[in-house]
Amino acid sequence: LERFTMDSDYSACVQQVFVDLFKKKLIYRGRRMVNWCPVSRTALSDEEVIMKEQKGFLYHFRVPVMGEKDRFLTIATTRPETIPGDTAIAVNPKDPRYTSLIGQFAIRPLPPELPEAQRRIPIIGDEHVDLEFGTGVLKVTPAHDPADFLIGQRHQLPSIEVIDESGLMNAEAGSALAGLDRIKARTAAAEQLKELGLLEKEEPYANQVGFSERADVPVEPRLSEQWFLRYPSTEKSRTIVSSGKLRFFPERWSKVYDHWMGNLQDWCISRQLWWGHRIPVWYRNQEVRCQIQSPGEGWTQDPDVLDTWFSSWLWPFATLGWPEKTPELKKFYPTTDLVTGPDIIFFWVARMIMAGFEYQGDLPFRNVYFTGLIRDGKGRKLSKSLGNSPDPLDLISKYGADGLRFGLLRIAPQGVDIRYDEKQMEEGRNFANKLWNACRFRQQQGPSNPQANPLNHPRTPFSDFLLSRLDRLEQELETLYQGYEFSQVAQVLYAFVWDEFCARFIETAKADFMNADSPTRPGTLATADFVLSRVLRLLHPYMPFITEELWLTLGLGDKTIQFSEWPKAGEVTFNVANTQTAESCYGTAEAGRRLRGEFGLSGSAKMKFLLKSSPSSRITDDDLRTLAKLLQVGSVEITSNPPKAPMTLTPWGELYLPLAGLLDPAKETARLQKEIAATEMARAREAAKLADPKMTAKAPPEKQEEWRKIEKEAVERIARLHEQLKLFTT
RNA sequence: GGACGCUUAGCUUAGUGGUAGAGCGCCUGCUUCACACGCAGGAGGUCACUGGUUCAAUCCCAGUAGCGUCCACCA
């Protein structure tokens, strides 16, 4: 394989930054443990299969202590093949069994052919040693174990490599092991110990071994030389977030960010991979140069590539142009918002901020919006290897692009994970269908007028009511957008279209259309056009395709909806008194439907309701006709002598459902008693609060007033229900 | 091991210091002339548990349990 050379502006930018940081002495060469995959093949050896099944052994072997005849330490290890690489024996300094030995020396048993003087290793005390594990004595192999490497650093131990890059034992491992595969060497080393009479026992032991995801062979921790970066501009990057100048949504992620920024470790930026941006460092004998172009004949480039995030953190520069200040960079840097997942706050977001300050002297974005992660039904992250990601194209063919989009947006709260459920997409599709049909209904009434202004026409209270709800919707949306609450935006739009526009407005508009000569008909049409025009625009970011189609089909604009103006909150005006009339009518209709539903009846032209209205309410014949339409009955008539019939309390008064012959007194009594009981419970709750002297002493007077009002209303309601009950019990 | 979250109706989930909301599912009734991908009703919740603060806690605080994420001798 030849190294792939990335010859692009992006790569140039990345390498240039490396060179710059190198000059600033922020990049340095250091040692660290890497998980090395020494073999590229897929078939496992017998020994490796055993490892994978976690059926390894724990080998207990003895090490003689120097200067003390017949004194041995017993060590338990899963990796006897690394004994030739041991440079110390460690015990816990708090372990009374061994404290006296700290500072003395032991003789490493392997390789046996070396003179004892070269196998002399110190016995050290280190907190890392687990008193409970094995014998409480640890062999320290700094070159082949991450934890041992750190112990080695703490105690300035030398490291001896005994396994080479291809996974074979080298000469340091001794003549008996040299050239063997590292895993075959394990049993060979155990055999050697046995021959030396130092092996005490082998016990089955299930130890965790990391396997390479791609090659499926055991990975080998290996000491290696790597490039490291000391992060630049850390202080500014930390305070910009903690001071609230750069905002995170939801805010709590800024705590996570701050915690990490306060504990930064140098970043290991080199990777031993075939693909990536190459490290711009050149070698010739002992000379080292950091520059993008080859210095000339005889120079070879560093074989490593950069960590993938080393290019990602420069994304704003690489895409907009750097180091020359391009017009794009001037215009778009800093940008307003970054949208990303919280799982890459450290990998990407934090590093982009630091790069921003270092190379632009300014933050790269002002707000970061963290989405939730979608998980499957079992709560797992969607991933390619698990194969639990649904195919978006399949979902689109089932639910439509807008249905999928809306369904997901509606359930995606800020920064909280969501469980993926196809039901949500179904709801999105149903909503798109609903919207489509609502517009189709409007289209059937005749052509739309894009300049429609409902205020220019006489209109029903229901038009004003819808306008008032539209006004409220737009105010609410503005607040929600400011708080980046995108799922709530979808939710309130959904509720508006379905409940206000379809369920309430269209149902009453139908009543208006029954009468072609209705003076309020033009007002109703204008209201529909006005509201649809705004709602389609409000929905457009969430459902781009269907809103575009409806926009053009209805003729609300002659160009794409994308070029239309965003509806500004506060522009909608309406008659407030009318909205109250409409609200009462809806409330009365809903109560009547409930009453009818109690008897398992559906509406019919033969059915009628009687209304004993309260003296204050002025109800017109038109209102009664609309009410009848909403109730799906023949008529609603005003009465002053209510019959012995089921009754419900409504905003407009007592609504009766005369049911000659159908009425079952027992059933009606039960219904009334149930309602009385429920009302009584609500009343008692308020009364209890008001009766408590501690509450009345401390609770705010407005609250108490509210409670008193609720109680009073409940009392009245109960009284009227009792009156009604008397009709059936006497 | 450390940090940060989550736990509300059968399911997926909003939300608030003083009456707990939605969609789906379920039950009942509707082939009502935009829509059965629909319409009208209904049942279903001690808001994980234990303490504390408060006149009042599902909400604030502390602890417990379960679940999750990120970072891991750095935490």
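Order of the sequence lines fixes the chain letters, A, B, ..., with proteins taken first and strands second; residue numbering starts at 1 for each chain.
Using a 4.0 Å heavy-atom distance criterion, Ile151(A) is classed as a base contact. Among the heavy atoms of the strands lying under 4.0 Å from Ile506(A) is at least one base atom, whether or not backbone atoms are also near. Heavy atoms of Asp266(A) sit nowhere under 4.0 angstrom from any nucleic acid atom. Looking at heavy-atom distances under 4.0 Å, Phe347(A) makes contact with sugar-phosphate atoms alone, never a base. Contacts of Phe346(A) with the nucleic acid, taken as non-hydrogen atoms under 4.0 Å apart, involve only primed sugar atoms and P, OP1 or OP2.
Counting only heavy atoms from C-beta on, Val256(A) has its side chain closest to rC4(B) among rU32(B), rC37(B), rC4(B). In the set rC70(B), rU32(B), rC4(B), rC4(B) carries the atom at the smallest distance from any side-chain atom of Lys255(A). If you check rA40(B), rA3(B), rC70(B) against the side chain of His259(A), the one that comes closest is rA3(B). Set against rC55(B), rA40(B), rA34(B), the side chain of Glu507(A) has rA34(B) as its closest nucleotide.
rC30(B) and rA9(B): their P atoms are spaced 32 Å apart (whole Å). Taking atom C1' on both rA75(B) and rU64(B), the two are 24 Å apart, rounded to the nearest angstrom. Taking atom P in both rA62(B) and rC4(B), one finds a spacing of 11 Å when rounded to whole Å. Comparing the P positions of rU7(B) and rA48(B) gives an interatomic distance of 8 Å, to the nearest angstrom. Atom name C1', nucleotides rC27(B) and rA43(B): the rounded distance is 7 Å, in whole Å. Nucleotides rC33(B) and rG15(B) have their C1' atoms positioned 40 Å apart, rounded to a whole Å. Between the P atoms of rC6(B) and rU13(B), the separation comes to 14 Å (whole Å). To the nearest whole angstrom, the two P atoms, one in rG42(B) and one in rA22(B), are 11 Å apart.
A 6.0 Å sphere centred on CZ of Arg683(A) holds more than 12 heavy atoms belonging to other residues, nucleotides or ligands. The environment of CZ in Arg230(A) is crowded: more than 12 heavy-atom neighbours from other residues, nucleotides or ligands sit within 6.0 Å.
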Between protein and nucleotides 23-26 of chain B, what N or O pairs are separated by less than 3.5 Å?
unit_1, atom_1, unit_2, atom_2, d
rG23(B), O2', Glu427(A), OE1, 2.8
rG23(B), O2', Glu427(A), OE2, 2.3

Atom pairs under 3.5 Å, N or O on each side, protein against nucleotides 42-48 of chain B: can you list them with distances?
none

Show me the protein contacts with nucleotides 18-20 of chain B, counting only N or O atoms at under 3.5 Å.
unit_1, atom_1, unit_2, atom_2, d
rU19(B), OP1, Lys689(A), NZ, 3.3

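Applying the 4.0 Å criterion to OP1 and OP2 of rC33(B), one finds that Lys510(A) has every side-chain N and O outside that range. When the side-chain nitrogen and oxygen atoms of Trp498(A) are compared with OP1 and OP2 of rA34(B), none of them lie within a distance under 4.0 Å. Between rA75(B) and Asn263(A), a contact under 4.0 Å exists linking OP1 or OP2 to a side-chain N or O.
Checked against Tyr399(A) for a side-chain hydrogen bond (donor to acceptor under 3.5 Å, both in side chains), the options Glu422(A), Glu426(A), Gln424(A), Glu427(A) give a single hit: Glu422(A). Each of Phe228(A), Trp313(A), Trp227(A), Trp309(A) was evaluated against Trp267(A); a single residue qualifies, Trp313(A), per the ring pair (Phe, Tyr, Trp, His ring centres under 6.0 Å) test.
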Exercise. Under the side chain to side chain donor-acceptor pair (under 3.5 Å) rule, what do Arg410(A) and Tyr542(A) come out as? Steps first, then yes or no, please.
Key: CA-CA 9 Å; Arg410(A) 197 155 83 92; Tyr542(A) 285 74; over 6 Å; no
Practice problem: Would you please test Thr479(A) and Glu476(A) for side chain to side chain donor-acceptor pair (under 3.5 Å) and show each step? | Solution: CA-CA 5 Å; Thr479(A) 311; Glu476(A) 202 176 349; over 6 Å; no
Quiz item: Do Trp436(A) and Glu549(A) pass the side chain to side chain contact (heavy atoms under 4.5 Å, CB included) test, and can you show the C-alpha distance, the side-chain angles, and the key distance before you say yes or no?
Solution: CA-CA 10 Å; Trp436(A) 182 266; Glu549(A) 180 69 19; 3.7 Å; yes
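The pair Lys703(A)-Glu706(A) meets the salt-bridge criterion, since a charged nitrogen lies less than 4.0 angstrom from a carboxylate oxygen. Note on Glu583(A) versus Arg469(A): salt bridge recorded, some NZ/NE/NH1/NH2 to OD/OE distance being below 4.0 Å. Residues Asp258(A) and Arg238(A) are paired through a salt bridge, judged by an N-O separation under 4.0 Å between the basic side chain and the carboxylate. Under the 4.0 Å criterion applied to side-chain N and carboxylate O atoms, Arg708(A) and Glu713(A) are not assigned as salt-bridge partners.
Using a 30° and 60° split on the angle between ring planes, Phe249(A) and Tyr484(A) fall in the parallel class, below 30°. Ring orientation note: the planes of Tyr231(A) and Trp260(A) are nearly perpendicular, at an angle over 60° on the 30°/60° scale.
Side-chain atoms of Lys139(A) and Thr141(A) form a donor-acceptor pair, as typed in the model, at a separation below 3.5 Å.
Remark: His259(A) pairs with Asn263(A) by the side-chain contact (heavy atoms from CB on, under 4.5 Å) rule, at least two apart or across chains.
Formation of a donor-acceptor pair under 3.5 Å by the Asp402(A) side chain with backbone atoms of Phe545(A) is found in this model. Listed for the Arg222(A) side chain is no donor-acceptor partner under 3.5 Å among the backbone atoms of Asp145(A).
The distance from atom CG of Leu493(A) to atom P of rA22(B) is 19 Å, rounded to the nearest whole Å.
Each of Cys502(A) and Gln491(A) was assigned the nucleotide of RNA chain B with the nearest heavy atom; the assignment lying further toward the 5' end belongs to Gln491(A).
The stretch residues 434-446 of chain A touches RNA chain B through Lys434(A), Asn437(A), Ala438(A), Arg440(A), Phe441(A), Gln444(A), each having a heavy atom within less than 4.0 Å of the strand.
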Exercise. Any chance you could encode RNA chain B as dot-bracket? Rule is Watson-Crick or G-U wobble with both distances under 3.5 Å; [ ] for pairs crossing earlier ones, | for another strand.
Key: (((((((..((((....[..)))).(((((.......))))).....(((((..]....))))))))))))....
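For the atom pair CD (Glu711(A)) and CG (Leu690(A)), the distance works out to 5.5 Å, reported to the nearest 0.5 Å.
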